[in-house]
Amino acid sequence: MNTQTLNLCLSFILTVLLGIIVVPILKKHKIGQIVRNDGPQSHLKKNGTPIMGGIIMIIVSVILLLVNSFKYPVLILAIIAILGFGIIGFIDDYKKLILKNTEGLSPKKKMLGLFIVTAIFIFAYLKIFNLGTDIILPLFNQPIVLSVPVFIVFTAFILLGTTNAVNLTDGLDGLASGVVAIIMTFFTIVALKNGEKDMVILGSLVTGTCIGFLIYNFHPAKVFMGDTGSLALGGAIAAIAIIMKMPLYLAIVAIVCIIDTLSVILQVLYFKITKGKRLFKMAPFHHHLELSGMKETKVVFLFWIVTVIFCILAYLI
């Protein structure tokens, strides 16, 4: 059995097995979703569904990455991103769901935490692993070398932007986990083509955990990943893209995450400019589609298909 298949199967099996243990614990302690009343009415039945299931994916990913890091030390960078951003999400979820603090982490404290993890990642990338400041341009498939200050700012933008984009995309059963699985499959295939065995391991492991999590997260979801999972998965995508020198490809393969993020930004700006009017029925955009009459599962499949198409496009260019 080849490396990617082994890691994919192992991470899938461990995620499913750990889910059997964790999901009932979350349910027993009533760590459940609180659904907004102004959203799609079909979501009201999701009230109380266990959340913070992202813990499952983090545990499996980090353990398997640690094991593989003895042979491929650069995987430590992925652990920093997945575990670091995941911890910020966990604290936010913990405050909201267990301590019953509806605000969770304040925006300032949350951003501070994300900045700290970002700074640690960039420091390790440049100073410990000495991976350089070159990135590959799509279409031209040629690397360009950025100055250190420009690389730091750009990489921070990628890390912070990707984690928040995946966080916003996590709003429907199986949406974020499916989209991330497809994106990580793309990077795994590219890594296989380029002979980057360490990134093949990272991509296949995260893909396996996402598919395993879908067993519990697909409609009707038995558990949600929460900020714990969405921030960790955003960190995983950003990490593999940066390490493979392909952060610009995220503008293509993560198109649905970008659309959801832009819809939120546009909604807020339009609301302020028009003094109360809304551009979309609800943001992020996947909720607008739901409120426009599209079933939740159809929206999820649509976003999955769009992601597949844009991943194929990114591979071809």
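Positions are given from 1, in the same order as the sequence printed here.
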Measure the shortest side-chain to side-chain distance between [X] and [Y] over non-hydrogen atoms and say whether it is less than 4.5 angstrom.
X	Y	result
Val306	Ile259	no
Tyr216	Ile20	yes
Leu26	Ile51	no

Within the distance-only criterion (no hydrogens, no angle test), does the side chain of [X] pair as donor or acceptor with the backbone N or O of [Y] below 3.5 angstrom?
X	Y	result
Ser61	Ile58	no
Asp92	Leu105	yes
Tyr249	Ala254	no
Tyr125	Thr133	no
Gln267	Leu279	yes
Asn217	Val223	yes
Asp173	Ala221	yes

>> Which residues pass the side-chain contact (heavy atoms from CB on, under 4.5 Å) test with Ser263, not counting sequence neighbours?
In response: Asp260, Phe280, Ala283, Pro284, Phe285
> Applying the 4.5 Å side-chain criterion to the ILVMFWY set and letting contacts propagate, would Tyr72 and Leu64 be lumped into a single cluster?
Replying inline: yes
> Do Ile144 and Leu250 sit in the same hydrophobic cluster, where Ile, Leu, Val, Met, Phe, Trp and Tyr count as joined when their side-chain heavy atoms come under 4.5 Å apart?
Replying inline: yes
Could you give the distance from [atom1] ([X]) to [atom2] ([Y]), rounded to the nearest 0.5 Å?
X	Y	atom1	atom2	value
Leu205	Cys210	CG	SG	11.0 Å
Met52	Leu97	CE	CG	6.5 Å
Ile242	Ile122	CD1	CD1	7.0 Å

> So which heavy atom on Thr209 is nearest to which on Ser11, and how close?
Replying inline: N-OG, 3.7 Å
> Do you know which two heavy atoms are closest between Val253 and Ala314, and how far apart they sit?
Replying inline: CG1-CB, 3.6 Å
> For Tyr270, which residues count as a ring pair (Phe, Tyr, Trp, His ring centres under 6.0 Å) partner, sequence neighbours excluded?
Replying inline: none
> What class does the angle between the rings of His286 and Phe303 fall in, given that below 30° is parallel, 30 to 60° is tilted and above 60° is perpendicular?
Replying inline: perpendicular
